[in-house]
Amino acid sequence: MKGFRGVMAGALIMQAIVLGLALLVVADLGAGVTSWQGWSLMGVIAALLASCGVLRHRGTVPVVLLLQGALIAFFGALPAVGVVGVVFLGVWIYMLWLRREVARRMAEGRLPGQQA
C-alpha cells in the first residue's frame, strides 16, 4: 500500500494546484475574492500540502475528507471552489474504494502478482 500513498499525495498536490489557479480565476470574475475568503482558501491549500507529508499516519485520510468538506462549505461564498470540492470529493471516494478493493483482493490472494 506504499504505492497508494504516492497516488494520494499526487492527488493532494493536484488539488492544491487546481485550487490555487481557481483562486486566480475567481478573483477576476464577478465580485472578486474578499480578504477572508482568500486567506481561508490559502489555509486549506496549505493544509492539503501539509497532509501530503503525513499520509503514512492512520488519521490523515479523515482529515483530507474534512478538508473536502471545508471546500464544499465554500459553495455559498465562492461557488467555483465548491464545485472543485465536490469533484475532488468524488475522486477521493473513488480512490478509497479502489484501496479497499485492492486490500480485499490481496487478502484473498487474487492479485496478478500473487498467482503462481
Results of side chain to side chain contact (heavy atoms under 4.5 Å, CB included) for [X] - residues two or more places apart only:
{"X": "Arg104", "result": "Glu101, Glu108, Arg110"}
{"X": "Ala22", "result": "none"}
{"X": "Leu23", "result": "Val33, Leu41, Met42"}

| Residues that, via side-chain heavy atoms closer than 4.5 angstrom, fall in one hydrophobic cluster with Trp36 | none
Validation row: [X], [Y] side chains within 4.5 angstrom (heavy atoms):
{"X": "Leu48", "Y": "Leu19", "result": "yes"}
{"X": "Phe74", "Y": "Pro79", "result": "no"}
{"X": "Leu12", "Y": "Leu49", "result": "no"}

In a table with atom names and distances, give each donor-acceptor pair under 3.5 Å that connects a side chain of residues 80-94 to protein atoms at least two apart or in another chain.
none

Would you be so kind as to tabulate the donor-acceptor pairs closer than 3.5 Å made by side chains of residues 57-66, with sequence neighbours excluded?
unit_1 : atom_1 : unit_2 : atom_2 : d
Thr60  : OG1    : Val54  : O      : 2.4
Thr60  : OG1    : His57  : O      : 3.4

| query | Going from CD1 on Ile45 to CG on Leu71, what distance comes out if it is rounded to the nearest 0.5 angstrom? | reply | 8.5 Å
| query | Atom CE in Met8, atom CG in Leu55: separation rounded to 0.5 Å? | reply | 4.5 Å
| said: Listing request: all side-chain hydrogen bond (donor to acceptor under 3.5 Å, both in side chains) pairs with a residue in residues 65-87, at least two apart in sequence or in separate chains. | reply: Gln15-Gln68
| field | Contact summary for Gln37 and Ala77, nearest pair of heavy atoms | value | NE2-CB, 3.2 Å
| Over all atoms of both residues, closest heavy-atom pair of Ile13 and Cys52 | CG1-SG, 3.8 Å
With [X], which residues qualify under side-chain hydrogen bond (donor to acceptor under 3.5 Å, both in side chains), at least two apart?
{"X": "Arg5", "result": "none"}
{"X": "Trp39", "result": "none"}
{"X": "Arg56", "result": "none"}
{"X": "Gln114", "result": "none"}

| task | Decide whether Phe75 and Leu78 are clustered together by the hydrophobic rule: side chain heavy atoms of Ile, Leu, Val, Met, Phe, Trp, Tyr closer than 4.5 Å, transitively. | result | yes
| salt bridge (charged side-chain N to carboxylate O under 4.0 Å, His left out) contacts touching residues 61-70 (sequence neighbours left out) | none
